[in-house]
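Report on the structure given below.
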Amino acid sequence: MSKKPWQGRFRHDTSDVMERFSQSVSFDKRLYRQDIEGSIAHARMLGERGIIPKEDARLIIEGLENIRNQIEDDSFNWDPSLEDVHMNIESALTRQIGDAGSRLHTSRSRNDQVGLDFRMYLREEARRIRDLLVELLRVIIEKAGEYSGTFMPGYTHLQRAQPILLSHHLMAYFEMFRRDHGRLAGFMNTLSASPLGSGALAGTSFPIDREMTANELGFSEVSRNSMDAVSDRDFVAEFLFAAALCQIHLSRLAEEIILWASTEFSFVALPDSYSTGSSMMPQKKNPDSAELIRGKTGRMIGNLTSLLVTLKGLPMAYNRDLQEDKEPTFDSVDTLSGSLEVMAGLLAGSSFDRERLETATVDGFITATDLADYLVQKGVPFRNAHEITGKIVRDCLDKGRVLSQMSVDELRTFSEYFNEDALKILTVQASLDKKDVPGGTAPARVQDAMEEARAFLAQIDTD
Ligand code: ARG
């Protein structure tokens, strides 16, 4: 068991049970890079301000760089009795460079240290996840382009509603993921302030330069209240929310893929590389990739809930409960990254069955709304037009016919406003063309939306 930094105050050792319970190094060693970067900036500042000898600062920086190499080539010995990543690194430093190492923690607490590390960590991870989102956005727009012109039923209540373009359907997901991309940048405002210098809770008695470390570590400002800075985890909650919502969007897409890949729909064939077989039924090809994405959404929501409940009722300032922010966050980072990569691969390798999609619109009634709209254009109030068209549908259903089998004369028995041109508007193409509003599914409008989306991606490339 290693010597604890608080040994001066204590008469007895920590129990083994407590040590196992309390350690976080098994998972928070993921923060080693940020921890070292933060400590280097802190040591440099302490040296500049004359709070520790400049030579000690130099030794500390060199020592920390060596430790980083040791961690990266796997020769570093992580010791659970030193609790966390912070104490492991600091204690190794002191072992390796002697007295200078014991000066590193001057005017700092693990409370502002962990707040700093975690902000830097999430800043990096959010950036990486945004890159994965961009990859998925690219795949979506490519698929939409590949199938431009292919039409299908659009659904409400999972009942055929109105014809739409497959590309319009796919681009709906583009919009969701574009917003997720924005949200993962938006939460950066919440972590723009460096907590370093807040000490344990009250600030520090040393003449430190908070701006200097903040600048060096890429923060645009320093936190305004030391107690808030060491105990707030707003930035974690915001990240977990953005991540959970993104996963929910993935899950909706996954659900549609699962449904569409069923024999009943047969709208899409999934690539073997993202499917699995059955150990018993030789004919099976299962959409496990999409099911796992859908399934993992539960834990993403759980991770957010877990943090929110941890924060609820915490008194000021730092409490050890806050250590419970790490595992859910690491899990959400990994789960979302994996899901985004899998979805991009799955979608890229999927091929849609144009014929199946298009024949699914031939159910006889999918353009009923267009028939009602026709009457409205002739001057009939919409509510009446809706009722008249409803009666026509009812009549067809009773007689086992479909709308396009009606003659104009027959239509006229329901309303004198029907003319020869009424039958033309019943085709899917006419229905699509008429949805000529911004955001509508008219082919030209969908092309515009795709152009705009491509420009958005090109803009991201240059950012
Ligand atoms: N491992 C701790 C955490 O994640 C670091 C801070 C410990 N601070 C303390 N006062 N015990 O929150």
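Residue numbers count from 1 along this sequence. For ligands, and for the atoms within them, numbers begin at 1 and follow the listed sequence. Heavy-atom basis, side chains included; hydrogens, waters and symmetry copies ignored.
Between Met188 atom CE and Arg130 atom CZ the span is 6.5 Å, to the nearest 0.5 Å. Summarising the geometry, atom CG belonging to Leu122 is positioned 9.0 Å from atom CG belonging to Asp325; distances are rounded to the nearest 0.5 Å.
The local environment of CZ in Arg30 is crowded, with over 12 non-hydrogen atoms from other residues, nucleotides or ligands closer than 6.0 Å.
Using a 4.0 Å cutoff on heavy atoms, Lys326 counts as a contact of ligand 1.
Distances below 4.0 Å separate heavy atoms of Ser24 from the following atoms of ligand 1: 1 (N). Of all atoms in ligand 1, numbered sequentially from 1 with element shown, those under 4.0 Å from a heavy atom of Asp84 are 1 (N), 2 (C), 5 (C).
Here the protein heavy atom with the shortest distance to atom 2 (C) of ligand 1 is Gln323 OE1, 3.4 Å. Closest to atom 11 (N) of ligand 1, if we only count protein heavy atoms, is Arg110 NH2, 3.4 Å. Protein heavy atom at the shortest distance from atom 7 (C) of ligand 1 is Tyr318 OH, 3.5 Å. Counting protein heavy atoms only, atom 10 (N) of ligand 1 is closest to Asn111 OD1, 3.2 Å.
Each of Phe352, Phe267, Trp260 was checked for a ring-ring contact (aromatic ring centres under 6.0 Å, His included) with His169, and the lone residue meeting it is Trp260.
Contacts with ligand 1 closer than 4.0 Å are made by no heavy atom of Asp325, backbone or side chain.
Taking 4.0 Å as the cut-off between side-chain N and carboxylate O, Arg58 and Glu55 count as a salt-bridged pair.
With contacts defined as side-chain heavy-atom distances shorter than 4.5 Å, the pair Met343/Ile293 qualifies.
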